[in-house]
Enquirer: 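This is the structure, below, for whatever I ask next.
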Amino acid sequence: MDHFDGRRFFNPHAMMPTAMRAPREMLAHTPGGSHRVRSILKWQLGDRPQWPSWISDPEPEGNPHDEPAPGTVAVTLIGHASFLLRIGRAGLPPFTVITDPIFSDRCSPFTRLGPRRRRAPGRTLAELPRIDLVLVSHCHYDHLDLPSLRAIEARDAPAVITLIGNARHIRKAGMRRIVERDWWEGVTLDGLHISAAPARHGSARTPFDRNRALWGSFMIRADVDAPAIPSIFFAGDSADGQHWHWIRTRFGAPDLALLPVGAYDPRALMRNVHVNPEEAVGAFLTLGARQAVPMHYGTFQLTDEPIDEPLERTLAACVAADIDPARFAPLPFGSTRIFDFPRTVAVPAEAQERKTA
Ligand SMILES: [Zn+2]
C-alpha cells in the first residue's frame, strides 16, 4: 500500500499538487511535523477573528421526505459536511444516505469545550426519513460525531461505510454493520456501488492516534446490473492534490460533487489539509462534475476566514473560471433540492473493475 507505513497512514508524495513538489516546501509543511504543531499552538493561543455567535436561518425549502423519481437525487444540507442524499430507484423506495453526520452542539471530545455550532442543524434527525447508509470520511470530531451516530443507530440501525481504522471509533456508538475500505475499494449495496477514494488529509482523535486511521472520499454509482442513478462524489475533507485527477480517471466524471470550500485560513497551516474556494473550483473542473454543492462552511468556526468568505470566493472563482455559478451554488441550510441529470451518454464502461473492486 503506497499510503501506509505499517503503523500510520500518509498522503503519498504523488498526491502533492505539482506546484508544491519542491522538497524544501514539503519538509516545512509535513502535516503533523513538530514545526506544524508549534505553529498551530501559536495560532490557537493568539487572537483570532470571531464569527457571529449565532445565526438563525430562514425556514428551509423542500421536504427531506420527498421521494425523488428514479434516476434523480434529492439533496438536503444539514450543515458542515452532513448531507442527506435520497437516491431515486425504479421499482424500489429511495435509498437514503447521510454523510459525516453531526447534529451536536460542539465538534469536540468535550461537551463544554471545543468549536461550538453557530447555527442549528438545517434539519434535525427527527425530521429526516429512515437512513439506509452512513458514510464516514474520517475520524476528526467534526466528521465522526459519536452522539449523532448513536442516535442514528438507535433509530435506524443503518449500514456504515468508512475508511480503514475508523470502525473501532464508530463501534463506540453501538453501530455494528460497519465496513471499512481502503482507497479504491468498494461495497455493493442494494443496487448501488459505493467506492472509497483518496483525500489529501490526515486523522486524529487524541494526541496519540495521529494518522492511525485512514481518511478519504466516496463515490456512489449504480452497480453494474442496476438501472442508472446519478453518480455522486463526496469529497470528505481534503487539501488540493492529484487525487482529483485520479478519481476522474478511475470512475469517470461524477454527475454531482459535494466539495468542501471552508476552513482554509491561515493558509500556511491549512493548505495541506483543506482546499480553499479557488482550489475547490479547480477540483470541480478536474473532476469534470456536472454540478457541485459546496460544504464545510458556516457551521463550526475551525479557522480564521470570515464566515461569509468561502461562498463569496467560490462564486468569484466560478465567475473567473467562466463557470455558470448555478453549477456550484450553495443549498440553503436545511433545504432539499432535487437534482436531475439527463443521461445523454453511457457511463464509462468499468464493469470489470467495479466487480473486482
Ligand atoms: Zn478533518
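Along the sequence shown, residues carry numbers from 1.
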Enquirer: Should side-chain heavy atoms under 4.5 Å link Ile, Leu, Val, Met, Phe, Trp and Tyr, which residues sit in the same cluster as Phe208?
Expert: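 Its cluster partners, ordered by chain and number, are none at all.
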Enquirer: With a 4.5 Å limit on heavy-atom distance, are the side chains of Asp132 and Val97 in contact?
Expert: no
Enquirer: Test of understanding: with ring-ring contact (aromatic ring centres under 6.0 Å, His included), list the residues that count as partners of His140, not counting sequence neighbours.
Expert: His138, His201
Enquirer: Quick check against the 3.5 Å criterion: does Thr99 have a side-chain atom that pairs as donor or acceptor with the backbone of Leu135?
Expert: no
Enquirer: Whether the side chain of Ser231 engages the backbone of Arg221 through a donor-acceptor N/O pair (distance < 3.5 Å, no angle test) should be reported.
Expert: no
Enquirer: Shortest non-hydrogen contact from Ser137 to Leu163?
Expert: O-CD2, 3.6 Å
Enquirer: Under 3.5 Å, sequence neighbours excluded: what are the donor-acceptor pairs made by side chains of residues 329-336?
Expert:
from, atom 1, to, atom 2, distance (Å)
Ser335, OG, Glu61, N, 2.9
Thr336, OG1, Thr76, OG1, 2.8

Enquirer: Check whether any side-chain N or O of Asp5 sits under 3.5 Å from a backbone N or O of Arg8 as a donor-acceptor pair, and report yes or no.
Expert: yes
Enquirer: Would you list the pairs meeting ring-ring contact (aromatic ring centres under 6.0 Å, His included) in which at least one residue belongs to residues 219-238, sequence neighbours left out?
Expert: none
Enquirer: Which pair of heavy atoms, one from Asn63 and one from His65, lies closest together, and at what distance?
Expert: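 Reported closest heavy-atom pair: OD1-N, 2.8 Å.
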Enquirer: Would Phe83 and Leu77 count as a side chain to side chain contact (heavy atoms under 4.5 Å, CB included) if you check the C-alpha gap in whole Å, the side-chain angles of each, and the deciding distance to 0.1 Å?
Expert: CA-CA 5 Å; Phe83 286 99; Leu77 174 64; 3.5 Å; yes
Enquirer: Counting C-beta onward and ignoring hydrogens, is there a side-chain heavy-atom pair between Ile87 and Pro94 closer than 4.5 Å?
Expert: no
Enquirer: From Ile232 CD1 over to Asp255 CG, what is the distance, rounded to the nearest 0.5 angstrom?
Expert: 8.0 Å
Enquirer: Linking directly or through intermediates, with side-chain heavy atoms under 4.5 Å: list the remaining ILVMFWY members grouped with Val136, chain and number order.
Expert: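 Its cluster mates, by chain and number, are Ile78, Leu84, Ile98, Phe103, Leu125, Leu128, Ile131, Val134, Leu144, Leu146, Leu149, Ile152, Val160, Ile170, Met175, Ile178.
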Enquirer: Mark yes or no for whether Arg181, through its side chain, and Gly186, through its backbone, hold a donor-acceptor pair below 3.5 Å.
Expert: yes
Enquirer: Examine distances only and state if a side-chain atom of Arg200 and a backbone atom of Ser238 form a donor-acceptor pair shorter than 3.5 Å.
Expert: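 Such a contact is absent between Arg200 side chain and Ser238 backbone.
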Enquirer: Given 3.5 Å as the limit, does a donor-acceptor pair link the side chain of Arg86 with the main chain of Pro68, or not?
Expert: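 No: the side chain of Arg86 does not pair with the backbone of Pro68.
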Enquirer: Quick check: closest heavy atoms across Asn211 and Gly202, and the distance to 0.1 Å?
Expert: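 Closest approach of Asn211 to Gly202: OD1-CA, 3.4 Å.
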Enquirer: What distance do Arg112 atom CZ and Asp105 atom CG have between them, rounded to the nearest 0.5 Å?
Expert: 11.5 Å
Enquirer: Hydrophobic cluster membership, with links at side-chain heavy-atom distances under 4.5 Å among I/L/V/M/F/W/Y: are Leu85 and Phe218 in one?
Expert: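 Yes, Leu85 and Phe218 fall within the same hydrophobic cluster.
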Enquirer: Salt bridge (charged side-chain N to carboxylate O under 4.0 Å, His left out): which pairs involve residues 308-327, sequence neighbours left out?
Expert: Glu278-Arg313, Glu309-Arg313
Enquirer: Could you tell me which non-hydrogen atom of Ala280 sits nearest to which non-hydrogen atom of Pro260, and how far apart they are?
Expert: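 So the two residues come closest at CB-O, 3.4 Å.
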Enquirer: Same cluster or not: Leu315 versus Val275, using hydrophobic residues (I, L, V, M, F, W, Y) connected whenever any side-chain heavy atoms lie under 4.5 Å apart?
Expert: no
Enquirer: Can you pull the salt bridge (charged side-chain N to carboxylate O under 4.0 Å, His left out) pairs that have at least one residue in residues 139-166, sequence neighbours excluded?
Expert: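 For residues 139-166: none.
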Enquirer: Establish whether Val179 and Met219 are linked, either directly or via other cluster members, by ILVMFWY side-chain heavy-atom contacts under 4.5 Å.
Expert: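 Val179 and Met219: one cluster.
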Enquirer: Can you check whether Ile102 reaches Phe300 side chain to side chain, under 4.5 Å on heavy atoms?
Expert: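 Counting from C-beta outward, Ile102 and Phe300 do come under 4.5 Å.
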Enquirer: Kindly work out whether a path of hydrophobic side-chain contacts (I/L/V/M/F/W/Y, heavy atoms less than 4.5 Å apart) joins Leu258 to Trp246.
Expert: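 Linked, Leu258 and Trp246 end up in one cluster.
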Enquirer: Output yes when a side-chain donor or acceptor of Asp57 lies under 3.5 Å from a complementary backbone atom of Gly122, and no otherwise.
Expert: no
Enquirer: Ignoring hydrogens and geometry, is there a side-chain-to-backbone donor-acceptor pair from Trp215 to Ala199 under 3.5 Å?
Expert: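 Indeed, once roles are kept as given, a pair shorter than 3.5 Å links the two residues.
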Enquirer: Below 4.5 Å, heavy atoms only, C-beta onward: do Arg116 and Ser108 meet side chain to side chain?
Expert: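 Side-chain contact under 4.5 Å: no.
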Enquirer: Does the side chain of Thr314 come within less than 4.5 Å of Tyr297's, by heavy atoms?
Expert: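 In short, these two side chains do not touch, never coming nearer than 4.5 Å.
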Enquirer: Atom CZ in Arg89, atom CG in Leu192: separation rounded to 0.5 Å?
Expert: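 Rounded to the nearest 0.5 Å, the CZ-CG separation comes out at 6.0 Å.
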Enquirer: Answer yes or no: is there a donor N or O on one side and an acceptor on the other, between the side chain of Asn166 and the main chain of Leu214, under 3.5 Å?
Expert: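 Yes, the answer is positive, given that a donor and an acceptor are paired below the 3.5 Å cut-off.
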Enquirer: Distance to the ring centre below 6.0 angstrom and angle to the axis at most 45 degrees; does that hold for Arg205 and Tyr141?
Expert: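 The answer is yes, since Arg205 meets both limits relative to Tyr141.
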Enquirer: First locate atom OG1 of Thr299, then atom CZ of Arg117, and finally report the distance between them rounded to the nearest 0.5 Å.
Expert: 6.5 Å
Enquirer: For a 4.5 angstrom cut-off between non-hydrogen side-chain atoms, does Ile247 reach Trp183?
Expert: no
Enquirer: May I have all residue pairs that pass salt bridge (charged side-chain N to carboxylate O under 4.0 Å, His left out) and include part of residues 163-178, sequence neighbours excluded?
Expert: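 Listed by first then second residue: Arg168-Asp209.
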Enquirer: Would you call Leu259 and Leu287 a side-chain contact if the rule is heavy atoms closer than 4.5 Å?
Expert: yes
Enquirer: Looking at CE of Met15 and CH2 of Trp244, how far apart are the two atoms once the value is rounded to the nearest 0.5 Å?
Expert: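 The CH2 atom of Trp244 is 9.0 Å from CE of Met15, to the nearest 0.5 Å.
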Enquirer: So which heavy atom on Gly191 is nearest to which on Ala226, and how close?
Expert: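 That would be O-CB, 3.3 Å.
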Enquirer: Using the ring-ring contact (aromatic ring centres under 6.0 Å, His included) criterion, which residues pair with His296? Sequence neighbours excluded.
Expert: His80, His143, His274
Enquirer: By ring-ring contact (aromatic ring centres under 6.0 Å, His included), which residues pair with Phe284, not counting sequence neighbours?
Expert: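 Checked Phe284 against ring-ring contact (aromatic ring centres under 6.0 Å, His included); matches are Phe328.
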Enquirer: Quick one: name the residues clustered hydrophobically with Ile307, using the 4.5 Å side-chain heavy-atom rule over I, L, V, M, F, W, Y, and just say none if it's on its own.
Expert: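 Trp51, Ile55, listed by chain and number.
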Enquirer: Return the set of residues passing ring-ring contact (aromatic ring centres under 6.0 Å, His included) with Phe9 (not counting sequence neighbours), or none when no residue passes.
Expert: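 ring-ring contact (aromatic ring centres under 6.0 Å, His included) check on Phe9 returns Phe4.
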Enquirer: Taking atom CD1 of Ile229 and atom NE2 of His193, what is their separation to the nearest 0.5 Å?
Expert: 11.5 Å
Enquirer: Can you see whether Asn11 engages His243 through a side-chain donor-acceptor pair at a distance of less than 3.5 angstrom?
Expert: no
Enquirer: Taking all heavy atoms of Ala213 and all of Ser203, pick out the closest pair and write down the distance.
Expert: O-OG, 2.6 Å
Enquirer: Could you state whether Val73 and Met295 fall into the same hydrophobic cluster, counting links through intermediate Ile, Leu, Val, Met, Phe, Trp or Tyr residues with side-chain heavy atoms under 4.5 angstrom apart?
Expert: yes
Enquirer: Contact between Asn276 and Arg267 at the side-chain level, heavy atoms closer than 4.5 Å - yes or no?
Expert: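 In contact.
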Enquirer: Is a side-chain N or O of Gln301 found less than 3.5 angstrom from the main chain of Pro49, in a donor-acceptor match?
Expert: yes
